[in-house]
Amino acid sequence: MKFALIGFNCRFTHSCLSLFYLRQELLKNIDDVDININQFTINDPYYPTLMQISRLKADAFFFSVYIWNADIIKRIINDLVKIQPFSNFILGGPQAIALRADDLPANSTVVSGEIEGIDTSFYADLKCGSLRTSYQGARSKKFDSPFTANDFSDQLANRHIYYESSRGCPYSCSYCISSLEPGIRYKDTQKVRDELREILAHKPQGLRFVDRTFNASDKRALEIWQFLRDESEGTTFHFEISPDLFSEEMFLFLQAIQPQLFQFEIGIQSTHEKTLSAINRKSSINTSLDNIKRLVQMNTVHLHVDLILGLPYETFASFGKSFNDIFSVGPHYIQMGLLKVLPQTPLSRQLAEFSIQHCNYPPYEVLATRWLTHDELAELFWFGECVEAFYNNRYFRAFFRFLQRNGWDGFQFFLDLLELCRKQSFFNRAKTQLLMSEILSDFIRNDPKSELLKELLIYDWLRSGHRFLPDHLGPHVLKKVKTQLWRELPQEFLPFYNNVSRSNFFKHSLFVRFSGETLQELGLTDGEEGVLCFLNEKEGAILELNKVALLCRCSASDCQA
Ligand code: SF4
């Protein structure tokens, strides 16, 4: 028999873990099968994709259905059935059950639950071509890593690898599909180590743990982290973690790791107590914020924090407070996702109670709630787009750190910036670093701290690796300082250069004089002005900014350097 396993990922670099599990189960349960895995992206052109799939001429096509690909899969199946009417179409994955029977051809089968826990009658029916319209897989104790050595050079080459060391979640958030089956199942840690060792032998660039709350058991999480630190070479590991479940041992460990080793995704969703209680989210917000702040200060882990827009009891003002609570602790990335009302979740049964309006089709984004009119929600959506463009990158780190350290109202800042962005048609233009730097420069023009803020924009621009300054940042400052330093600095000035490397140092470095206030803000002097030297090499830190050093503390007038 010939089976084609089809996945539609969001991006080329993603991979579809469930297809690999499915392949292993099919091989275990059916003899003499020819199975091929095929991964596309949801942005691939439709007709050529359909042609590639129809060319597979399989007896059965298996699709892995998620919220982001349900529409394209529905479309593909309904066209494929015209070309291959005698094949079976089998759909699994969290969104398969949401597809209605009248969306699908008659020879379709929906498998819900876990493929490892499905009854053997499924395979018997598959072999004789008499599948029922639905099957239910039970929760399975075993979920061994499904990869083979060939996968790493074939289907997984240049893609993220996904791995689960546990299944299920200890929490039951009412909007989440994981809440339907509460409880967590752990894989034996020795087994985890053995499987990871096999994966790491292929030196993947990135490995993402799909465990819903990786640190639900702090001892176990630490044990796996220690193993990854000791055994990996150049791989970055991504974890979804709960920030209120950190032990002191974990902080001690994280403080000492290499900066590119770990990335954390932290779901806070809201800091509004009434909202958290309405969605059944039990976490201590104060502990979470304190712990995120500690992690930010350590500066060894990339931190991505999620907020959800449109949750029950979240008003325009309370969302602003949630945003400010997160902004003030300074994570690297703040994501504001819209609430999605997923079929079958507890929240989907509370629509009338919360007056939630949402889109009819996947991914079912919220349109309005009892606490947010559609206009308010739309304003917050564009606010989120503004944060995404300006904050969620490495371009303006010192600029935003200044706002965070000095207690600025981040919510109001981005609302005002949004207004300027609209005037300048920002959302219809290419969102380049240059354009954003110009807009910020314009935005701060009348601020009492405008000189300091402009210097921080210059600092950020050069730290991002540029070897020039654009017109709005005053390109002349570079040449003026360099000429003066070349003339006045001694032939040997350690640790920067000796008399052999002097020319090279001047050729490859950029020099800018900064005010005492700016250098104090950057933690480089106690308020004396001076010259910073931007080197043409990256520092080995999370954001890989260019190296910078204080060359001398002196004012322009008495520079003896
Ligand atoms: S949102 Fe996260 S923490 Fe809450 S139930 Fe889902 S997976 Fe668990």
Side-chain angles (χ1 to χ4, degrees), residues 10 17-18 66-68 93-95 97-98 112-114 139 143 162-187 208-218 220-221 224 237-246 250 263-289 291-292 295 303-314 319 322 326 331 333-350 354 356 358 362-366 369:
C10 288
L17 176 61
S18 55
Y66 294 88
I67 197 153
W68 61 81
Q95 269 311 105
I97 200 150
S112 352
E114 297 180 16
R139 286 164 62 133
F143 42 99
Y162 296 85
Y163 177 81
E164 57 185 347
S165 79
S166 64
R167 262 191 196 172
C169 181
Y171 301 108
S172 303
C173 308
S174 65
Y175 55 83
C176 177
I177 212 99
S178 295
S179 68
L180 302 181
E181 285 194 18
I184 187 162
R185 287 160 283 161
Y186 293 110
K187 202 181 271 185
R208 298 172 84 89
F209 280 77
V210 292
D211 304 47
R212 308 305 292 154
T213 304
F214 182 79
N215 59 334
S217 156
D218 57 347
R220 187 174 181 279
I224 297 173
F237 301 95
H238 182 99
F239 305 92
E240 290 183 26
I241 57 124
S242 183
D244 56 345
L245 301 179
F246 273 85
M250 289 165 110
Q263 298 173 339
F264 288 167
E265 186 167 342
I266 303 169
I268 290 287
Q269 324 310 14
S270 170
T271 62
H272 188 43
E273 291 294 347
K274 233 173 156 185
T275 296
L276 293 171
S277 138
I279 58 172
N280 196 30
R281 206 173 158 81
K282 297 180 183 76
S283 61
S284 159
I285 279 301
N286 288 340
T287 310
S288 296
L289 293 174
N291 287 349
I292 296 173
L295 290 167
L303 302 168
H304 173 137
V305 176
D306 295 327
L307 286 173
I308 297 181
L309 178 54
L311 289 170
Y313 295 94
E314 193 80 284
F319 187 80
S322 291
I326 300 302
Y333 198 106
I334 305 175
Q335 181 167 326
M336 273 158 287
L338 287 163
L339 173 68
K340 297 173 182 79
V341 183
L342 304 181
Q344 300 186 355
T345 54
L347 186 73
S348 70
R349 295 189 289 276
Q350 294 175 292
F354 297 145
I356 291 178
H358 65 83
Y364 312 107
E365 301 100 324
V366 66
T369 71

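Everything numeric in this text was worked out from a predicted model, so none of it was measured. Just so you know, ligand 1 is whichever comes first in the structure, and atom 1 is the first atom listed for that ligand.
Across all non-hydrogen atoms, the minimal contact from I97 to S112 is CD1-OG, 3.6 Å. Closest non-hydrogen pair, P312 versus I279, comes out as CD-CG2, 3.8 Å. Residue E314 comes nearest to F319 through the heavy atom pair OE1-N, 3.6 Å, listed as atom of the first residue, atom of the second, then distance. In terms of heavy-atom proximity, I241 sits nearest to F214 at CG2-CB, 4.3 Å. Between R185 and F143, the closest heavy-atom pair is O-CZ, 3.7 Å.
Of the protein's non-hydrogen atoms, the one nearest atom 4 (Fe) of ligand 1 is C173 SG, 2.3 Å. For atom 6 (Fe) of ligand 1, the closest non-hydrogen atom on the protein side is C176 SG, 2.3 Å. Atom 1 (S) of ligand 1 has its closest protein heavy atom at Y175 OH, 3.5 Å.
Atom numbering of ligand 1 starts at 1 in the shown order; those under 4.0 Å from a heavy atom of R212 are 7 (S). Counting atoms of ligand 1 from 1 in the listed order, those under 4.0 Å from a heavy atom of Y171 are 3 (S), 5 (S). Near C169, meaning under 4.0 Å from any of its heavy atoms, are these atoms of ligand 1: 3 (S), 5 (S), 7 (S), 8 (Fe). Atoms of ligand 1 lying under 4.0 Å from any heavy atom of R281, numbered from 1 in the order shown and given with element: 1 (S), 3 (S), 4 (Fe).
With respect to I268, the side chain to side chain contact (heavy atoms under 4.5 Å, CB included) criterion is satisfied by exactly one of I292, I308, I334: I292.
Contacts with ligand 1 closer than 4.0 Å are made by no heavy atom of E240, backbone or side chain.
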